[in-house]
Structures are given as C-alpha cells and as structure tokens.
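Just so it is clear, the structure is predicted and the values come from calculations on it, not from any experiment. These values consider heavy atoms only, across backbone and side chains, with no hydrogens, waters or symmetry-generated copies. Chain letters run A, B, ... following the sequence lines, proteins first and then strands; every chain starts at 1.
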Protein chains: 4
Amino acid sequence: MKKNRPKYNQIIDAAVEVIAENGYHSSQVSKIAKKAGVADGTIYLYFKNKEDILVSLFQEKMGEFISSIEDEIKTKSNAKQKLLTLIEMHYSQLTKNHHLAIVTQLELRQSNKELRLMINDVLKPYLELIDQIVQEGMDENLFDSSLDLRIIRQMIFGTLDETVTNWVMNDQKYDLMKKAKEIHELFINGLAQK
Amino acid sequence: MKKNRPKYNQIIDAAVEVIAENGYHSSQVSKIAKKAGVADGTIYLYFKNKEDILVSLFQEKMGEFISSIEDEIKTKSNAKQKLLTLIEMHYSQLTKNHHLAIVTQLELRQSNKELRLMINDVLKPYLELIDQIVQEGMDENLFDSSLDLRIIRQMIFGTLDETVTNWVMNDQKYDLMKKAKEIHELFINGLAQK
Amino acid sequence: MKKNRPKYNQIIDAAVEVIAENGYHSSQVSKIAKKAGVADGTIYLYFKNKEDILVSLFQEKMGEFISSIEDEIKTKSNAKQKLLTLIEMHYSQLTKNHHLAIVTQLELRQSNKELRLMINDVLKPYLELIDQIVQEGMDENLFDSSLDLRIIRQMIFGTLDETVTNWVMNDQKYDLMKKAKEIHELFINGLAQK
Amino acid sequence: MKKNRPKYNQIIDAAVEVIAENGYHSSQVSKIAKKAGVADGTIYLYFKNKEDILVSLFQEKMGEFISSIEDEIKTKSNAKQKLLTLIEMHYSQLTKNHHLAIVTQLELRQSNKELRLMINDVLKPYLELIDQIVQEGMDENLFDSSLDLRIIRQMIFGTLDETVTNWVMNDQKYDLMKKAKEIHELFINGLAQK
DNA sequence: TATGAATGAGACTTCATTCAT
DNA sequence: CATGAATGAAGTCTCATTCAT
C-alpha cells in the first residue's frame, strides 16, 4: 500500500519489537499499534490485515538483508571469497539486530502454512545468490562440478540457518561471527574438486 | 501417564493423522478425539493438556526414530559407515511415514516457543549420537580433530533437516534416498583431515 | 441442529425478548445468551451463527403462526368465513405476543437482504394459504374470477401487514382485533362479483 | 443546512446510487463521497451525520414524489379519478427511477427505528393526501362514510407499498403500471356505498 | 470551503478444558 | 474408565467522525 509513508516503517519496526519481546502468539495488533504510537485502525490504512504486517515485515527486512549481502559480494573477485562474505554477512546482519534474529529464526516460523509459503518466495533470491556463487566456484574449478546444485544449496542454507537458530535459542550468548571461518572451510573442503 | 493402555497410542496416532491432514492450527482436540474413536474428555484421562499430546507424540515417534537409527549404527564398524547409515536411516524413516514427516518437518514447528524447547530436549539424544560418530571419526583420524564439534553437528543436522523439509515442501515427489550418498561425501570431504 | 433440546427454544425465546427490548442492532449474542441463562459459546452448539438464530426464530414462530391459522381455518366451511378467520387469527396471534409482534414487524426488517430473502421463503406457505382462500371464493362465485390472484394476495397481505405495523408503531395502544370485521368487509366488497 | 449548494444534491444523488448498487449495509460514507466526487470530510459540511444524509435523501425525493402526485391530482375533478391518478402516479414515479425504488422499498427499511420514525414523518403528507381523497369520495357519496378513515388509508397505502415491493423484489421485471386499473377497481368496490 | 489521514469503540466466534452422569 | 454438553475468555477488523492543514 502506501509504503512511502513514515508510518509504514514505524509499524513494521514496532511489529519486530513486539514479536521479539512477546512472542508471535502474544503479539496482538493492538500491542503493535501502541508500540508504533498509532491507533489500531491506522494499521489497516497501511496493511490489509495482520498477516500482511508479517509478510511485509519479512519482505522489507529480508530485502535489506539480501541486498546488503549482494552489494558486499560484488566487491569480491572469486567464489571462495564470495562464499566467506556470504557467511559473514549472514551472521553479522543478524548479530547486529537481535530482535530481528529472534523474529526470523523463531517467531515467524510459528506462522501458518500460507505465510510460510510467502516467506519461501521472499527467500528465493537469497537461495539463487547461493546457487550463483557455487556455480561460479564450479566454473573456476574450485568446486566439484559433478555435485547437485540443489543439495549444496540446501547444505549451505541449512547449516547457516541451524547455526543461527541455535545461537538465538542459546540467548545469543556466544559470538556467532567467530564461527564463520570454520564453517567456510567445512564448505570449501566438502565442495572441493578432488 | 497411563502409557501402556491401547488408547494412549490410539490418540497419538490419531493426532499424527489429523495434524498431517489438517495442519497444526486446524487440529482441534475434538478432531483428534473423533479420529481416535474416543470422547473429547477421554483425551484428558491420558494427557494433561493439548500440548502434552504433541510433546508425547514427538517423544514417542522420535524415540522410535532415534533408537532404530542407533540399532542400525551399532552394526557398523567405522565412523564413515556409521555416518552414511545415519543419513540413510534419517531419510528412510521419514520416507516410510509420510504423515509423520509432514508433522515433524512442517506442522509442529508452528507450535509455541515452550513446546519447541521441549522438542529440543527430545532431539538431544539424536544430536549426541551425531557427536559420537564425529568424535569416533576424529579418533580414527578420518575427521579433522581441530574442528568444533558443535559446528559440525549443526552442519550435519541442519543439512539433513533442510533437505527433508525441502523434500516435504515439494510434496515428497522425488526420491530422497538417492541424495544420501552425495550428502555423505560432502560431509566426509568437508570434515576430512588435510 | 439439535432442535429438540430445551436450550434451543430457550435461546430463541430469549432472542425474541432481547430484540424486542433492545432493538435489532443492540441485540448482541452475549445479551441473548445471558437472557437465555447459558454461556455465549452454548449458543453456537445450537446455531451456526447469529443470523441462524434469527432465521430459526422466524421459522419457528412463523411456523406456529401459520399452522394455528391453518388449523382454525379448516373448521370453517366457506371462503368468506375463512377470510375473516385469517384476518382475526393474524391479528390475535400478534396481539397475544407483544414481543413477537415488535420483532417481526419492526426489528427483523432491519436485517440484511439475505436474511430477508429467507424470511420471504418462510412466508410463502402463508401467501399460498391466502391464495387458496381467494381461489375458493372464486369457485363459490363469491369473488370475481377475473381478478388477478397475485394482486389480491398482495392487497390482503399488504393491508394486514400495514395495519399491524401501524398498530405496533403506535405502541399497540388500540385494539387491533376490533378492526378485523371492517377490513374483512372491505376485502369482501372489493373482491365481490358484480 | 446549505441546501442550495450544488454539492448537497450531488451527495444525495450519489447516496441513492451507492445504496441501490451496494445495499444499505455496504454503503459507507467514504463510498458515497467518492461517487459524489468530494472528500469524506466534505459530507459533514452539508450533513450533520450519516443518518442525516438518509433522512434528507428521503425528504427530498419523497417531497418531489408527493408534490408531483399532488399537482397531477389537482387537475382531476372527482375522487374516483383522483384515486386512480394517485395509484398511477405512485407506480409511474417509482417505475421511472429504478434506483430510487430499490432504495425506498428495500434498502432504507433496514435502517434503525429512529430513522424509520423520521421516514414516517416524511410520509405524513402523502397519507393525508390519501385521506383527503377518501374523504372527498365520502362527501360525493361514492364511498361509504361509515368506514374508518385510518383503516382505509392503511389498506390503500399497504396495498400500494406491498405491490411495489414485490415488483422490486422480482427485479422489476413486469409492468407495474398495468396493474393500476385493477387495483383501482378493487379499492372502489371495497369502499363503495351499498 | 475543502481535504483525507487518523482515530478507537465494539462484537462475533472458536476451542481447550471441565465435570456431572 | 468414559462421556460430551457446557463453559467463557480473548482478539481482529470496520467505519462514522474529526480536525489540522
């Protein structure tokens, strides 16, 4: 809807905070409105319904997440560096925004199937970015070209997601960034041409 | 509670079916009772509350899942074979039981944080089994001992989980078992001592 | 639904009272439940939704209304007496039940188009009863057979309905029954064969 | 209020259209404003509130309705002709304006009791016009003077109203004007002096 | 005059759980 | 042990109206 109005972002940011603090199922529209400093009804001038807040939240935040990773990756010249950048950026983005990490890793997964399908759509560009890097690595003879691209993508994304989720569930009490290099090596070795 | 009575299992099996068919949020206690062929109130003679059905379901089914993997692994003599067996058994167990796959990979994740923490407890023995195999591989000098055990476990579990979830989300339409060997090689290479 | 249970009728009777006292738009489900002496949720064991209460109310009460008129008319031997009986019964039924008169003449007409279409269905047997009497009168050469049956039915029903509505709007402060004979004569003269 | 301004009539005409097309309960102020080509707030410069739009609509349109019937009746010299003119004009006015017919016969009846009482006030001159004609008929010895004026008025208005409502509910698919003569005869006979 | 973004009260319905039988 | 009728708390969304510009 009217995405350029400041209230649109106010509401999305309020939703992130409220969901992170209260959990998905205790995040009533009225709570989000209060945190955003608007009336309940105002929410519905900017969002079709409650689910639309969550979808928009994920789209906006994931959009930023993905494009800042893409921007950073463009400055790297080979697949190995690009993969490291992807891992480091993935971790750093979520480390920088504790609330967002809780919301994307834990709370939003409690949503219903329809919302999760939309979430998958939003993630598609990110998975394609992973595919591009792996393909580039294969073209550079860094990675084994006989491997199944989909499996590799699932390994990389599955590992990143699982490590972040564990970190969030452990109350983010260790330094996720420090794991990046080791994960990177695991991937590079696993994918290496023999 | 009275776990040895036949109705206990009737109700759990009914819950798996109802959740797989209707989704987590459309699985009312009354629907489960009907499918199990008992009255609504009878549920509460065997389970403390609705959440207890789900926790018990996960405990029972995951218990079987884990012990049959453990049993099979005991017949293998080295870490490499054990890891392959773990992957193959993980996939075959869920391939054999479509409904259970849907419930564990998609529907139960919509539950609230507390239930998910209990689910994590149930998974602990499985994660420890992975740790054991990896440790054994390190002792055999098959795997690089300098790697962080937790990270490896997260990579292995994260990858298995992500591949199964993708397969379920794609309506289980390809043969998951065929991917096992390639995944296995990715792990072996990734973890190999250099 | 479970129409034979006493609560079904309790709720319908409560609805008549609540609507008559508060008006259609101030008759919340919770008010009806309270008057019926049941919990809000109990309403939904007997009725699909709020509209279903109103439809059922009209069906039940109109059903009684129509069949008691039919029963009385059966005891009369000619169209002239039958028409008088119809008028007198129409008035006496509503005179006897002040609340019902308010609900059917004023409040239920504020409902939406769908509900009004269902109301029309319920009224059909009554309109057919009028048609039968008029047809009988034509067969007896009491009424002019060249008249349009539909127009006559609309004149009779329209007049009865308008007189009752006026009486209700005037707070039922005059004796409606006393008008029956004069209305009857108007009809008999209007319809008479020349 | 400021009744002579063009926007006053714009808004009323928009209200008729919007209500005829969407039904009473789907006719929000914002929809009427949009159809009228003004801002929501502008409505409140010309009308006290939403109800005031509807009352004014009825007053304006009914005012025209009644005065054109009065004008036509003035050209007739006796009660019998006047009554026929009233019936024919009643039908022709509503036949000419389909939207208005829907609004007055169906949609406005869904309004609350207070609005309907105001509507009754607006109708008063029309009912008095009927009374005048009937009284004139009695003075001419055309009608039976012993009849109750109120009952006759209710019969005439009730019949006209019921016939129009039925015609509207049947999607105005037959020619209402053709019924006028027969209705007229029914009245004349019914009221005739014996 | 005219605008239109913002307000906020209010109600229907679901469903986990209980308890008298 | 088993039943199932009854309970009642709780949240999303609409829309008439206002008021700063």
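Contacts between residues 32-43 of chain A and DNA chain E, defined by a heavy-atom separation below 4.0 Å, involve Val38(A), Ala39(A), Gly41(A), Thr42(A), listed by number.
The aromatic rings of Phe65(B) and Tyr126(B) sit perpendicular to each other, their planes meeting at more than 60°, with 30° as the lower class boundary.
One atom, CD of Gln10(D), and another, P of dT1(E), lie 14 Å apart when rounded to the nearest Å. Counting to the nearest Å, the C1' atom of dC12(E) and the NZ atom of Lys31(C) are 14 Å from each other. In this structure, Leu45(B) atom CG and dA2(F) atom P are separated by 7 Å, rounded to whole Å.
Taking atom C1' on both nucleotides, dT21(F) is separated from dT1(E) by 13 Å, rounded to a whole Å.
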Donor-acceptor pairs under 3.5 angstrom involving side-chain atoms of residues 19-30 of chain C: please list them, not counting sequence neighbours.
residue	atom	partner	partner atom	Å
Glu21(C)	OE1	Lys35(C)	NZ	3.3
Asn22(C)	ND2	Val18(C)	O	2.8
His25(C)	ND1	Gln110(C)	OE1	3.1
Ser27(C)	OG	Gly23(C)	O	2.7
Gln28(C)	OE1	Lys31(C)	NZ	3.3

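No side-chain heavy atom of Thr104(D) sits less than 4.5 Å from a side-chain heavy atom of Ile119(D). Side-chain contact between Asp13(D) and Lys61(D) is present, with heavy atoms from C-beta onward closer than 4.5 Å. In this structure, Tyr46(B) and Asp52(B) have side chains that are not in contact, with every pair of non-hydrogen atoms separated by 4.5 Å or more. Looking at heavy atoms from C-beta onward, Met118(C) lies in side-chain contact with Glu51(C) at the 4.5 angstrom threshold. Looking at heavy atoms from C-beta onward, Gln105(B) lies in side-chain contact with Asp161(B) at the 4.5 angstrom threshold.
Axis angle between the ends of the helix from dA2(E)-dT21(F) to dT21(E)-dA2(F), five pairs each and rounded to 10 degrees, works out to 10°.
Taking 4.0 angstrom as the limit, Tyr46(D) places a side-chain polar atom (N or O) nearer than this to OP1 or OP2 of dA2(E).
The closest donor-acceptor contact from the side chain of Arg109(D) to the backbone of Arg109(C) lies at 3.5 Å or more, if one exists at all.
Heavy-atom nearest nucleotides on DNA chain E were determined for Lys7(A) and for His25(C), and the one closer to the 5' end corresponds to Lys7(A).
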